[in-house]
Amino acid sequence: MAQILVTIDESITTKSIRHAIEMLKGVISTSLYDTEKKVSKKKAQETYVKDSLGRAFDEIKQNNISNAKFQSLDDFLMEC
């Protein structure tokens with residue numbers, strides 16, 4: 001079975017577009033996906049990862065500047 005992805009302008013009602021597509025010969029079903037929520041979730045995850053990596057690099061820089069010893073893995077796991 002083949003699928004076709006159609007992107008529409010928000011100013012047009014999706015109900016009328018779906019109805020028109022459903023009337024075409026061979027169309028089995030139509031589905032509506034709200035891409036804004038998916039994009040927002042993905043953007044939030046990307047921002048979180050970017051911020052986390054930024055904090056990690058800042059910590060490495062600070063330790064290099066002060067010649068401090070990094071925490072061992074065993075010490076880190078004990079804190080958790």
Side-chain angles (χ1 to χ4, degrees):
M1 173 172 42
Q3 294 182 348
I4 298 175
L5 173 66
V6 178
T7 306
I8 60 169
D9 185 5
E10 290 180 17
S11 63
I12 300 172
T13 62
T14 56
K15 186 175 181 180
S16 60
I17 301 266
R18 284 182 73 184
H19 180 67
I21 292 172
E22 287 172 348
M23 292 175 59
L24 295 172
K25 183 178 180 181
V27 174
I28 298 171
S29 68
T30 60
S31 300
L32 178 64
Y33 296 98
D34 188 7
T35 56
E36 287 184 23
K37 289 181 183 177
K38 290 181 181 181
V39 170
S40 297
K41 185 176 180 180
K42 182 178 180 182
K43 184 72 174 171
Q45 289 172 338
E46 289 173 352
T47 302
Y48 173 77
V49 169
K50 183 179 178 182
D51 291 345
S52 297
L53 288 174
R55 286 192 306 270
F57 282 121
D58 289 342
E59 186 177 331
I60 290 171
K61 286 179 189 176
Q62 290 298 323
N63 279 354
N64 287 340
I65 290 170
S66 65
N67 292 327
K69 184 179 176 184
F70 284 102
Q71 185 180 27
S72 72
L73 177 61
D74 292 332
D75 292 339
F76 175 76
L77 293 175
M78 292 291 234
E79 286 182 6
C80 297

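Owing to the predicted nature of the structure, the values given are computational and were not obtained by experimental measurement.
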Can you list everything that forms a side chain to side chain donor-acceptor pair (under 3.5 Å) with [X]? Sequence neighbours excluded, please.
{"X": "Thr14", "value": "none"}
{"X": "Thr7", "value": "none"}
{"X": "Ser16", "value": "Thr13"}

* Asked: When Ile, Leu, Val, Met, Phe, Trp and Tyr are grouped by side-chain heavy atoms lying under 4.5 Å apart, directly or through other members, which residues fall in the same group as Phe76?
  ->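 Grouped by the 4.5 Å side-chain rule, Leu73, Leu77 form the rest of the cluster around Phe76.
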Tell me which donor-acceptor pairs under 3.5 Å the side chains of residues 49-66 have, and how far apart each pair is, sequence neighbours excluded?
from	atom 1	to	atom 2	distance (Å)
Ser52	OG	Tyr48	O	2.9
Ser52	OG	Arg55	NH2	3.4
Asn64	ND2	Ile60	O	3.4
Ser66	OG	Gln62	O	3.0

* Tell me, please, which residues at least two apart from Ser31 pass side chain to side chain contact (heavy atoms under 4.5 Å, CB included). =>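 Testing Ser31 for side chain to side chain contact (heavy atoms under 4.5 Å, CB included), a comparison that skips the adjacent residues, returns Tyr33.
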* Asked: Excluding sequence neighbours, so at least two apart, what forms side chain to side chain contact (heavy atoms under 4.5 Å, CB included) with Glu79?
  ->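 By the side chain to side chain contact (heavy atoms under 4.5 Å, CB included) rule, Glu79 matches Gln71.
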* To do: Measure across Glu22 and Thr30 and return the closest heavy-atom pair with its distance rounded to 0.1 Å.
  =>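 Closest approach of Glu22 to Thr30, heavy atoms only: OE2-OG1, 2.9 Å.
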* **Shared hydrophobic cluster for Ile4 and Ile8 (ILVMFWY, side-chain gaps under 4.5 Å)** =>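 Ile4 clusters together with Ile8.
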